[in-house]
Amino acid sequence: MANAKVVRPFGTETTAPRGTRIHLKDFTTGQCPAPDNLVPPVTDWPTAVRETFAPFAKAMASDGLAFLHTQMRAGSCGPVLSAADKGCIVGAIGPMEVRADAIGCPQLIPQHFAVLPEARGRGLGRALWRAAMY
């Protein structure tokens, strides 16, 4: 993993920024920096902001956020970290749960991650991942 790189398997026919991105990072060289308060759990936001998670999840349904929202409402998943802009949730990662990976080692494996297209390019995705890894 020390020689990891970003992989972007986008075809030449892709006109929109969609596809799979795999970013492997070596976390053995140092601790992930402490997150700022920009990405608290959804439940820590004031009620008015928390209520914007439903429309965010609907808009990002193709990335699994509608399913995650269903799990959150049922109380059947761990915390979900979120980023907001102008009082609305625009990004999320979670659930923050440690589970066994394919070979049985405990790992934090956030299953869902998304940032609204109009909120991209401002570092919110990076902030979400850093908070998750912290």
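- Separating the CD atom in E51 from the CH2 atom in W45 is a distance of 14.5 Å, to the nearest 0.5 Å.
- What you find for L128 and A83 is that their closest heavy atoms are CD2-N, 3.9 Å.
- Heavy atoms only, all atoms of each residue included: V80 and A92 are closest at CG1-CB, 4.0 Å.
- The distance from the NE2 atom of H69 to the NZ atom of K58 is 12.0 Å, given to the nearest 0.5 Å.
- Minimum interatomic distance between A127 and V39 (heavy atoms only, all atoms of both residues): O-CG2, 3.8 Å.
- Going from atom CG of L68 over to atom CZ of F113 covers 13.0 Å, rounded to the nearest 0.5 Å.
- Minimum interatomic distance between L116 and M60 (heavy atoms only, all atoms of both residues): CD2-SD, 3.6 Å.
- With rounding to the nearest 0.5 angstrom, the CE atom of M72 is 10.5 Å from the NE2 atom of H112.
- Atom CG of residue L124 and atom CG of residue D85 lie 7.0 Å apart, to the nearest 0.5 angstrom.
- Judged by distance alone, with hydrogens and angles left aside, the side-chain atoms of T70 form a donor-acceptor pair with the main-chain N or O of A66 at under 3.5 Å.
- The shortest non-hydrogen separation linking A84 to V49 is CB-CG1, 4.1 Å.
- To the nearest 0.5 Å, atoms CE (M133) and CE (M96) are separated by 6.5 Å.
- For the residue pair A132 and I93, the shortest heavy atom distance occurs at CB-CD1, 3.9 Å.
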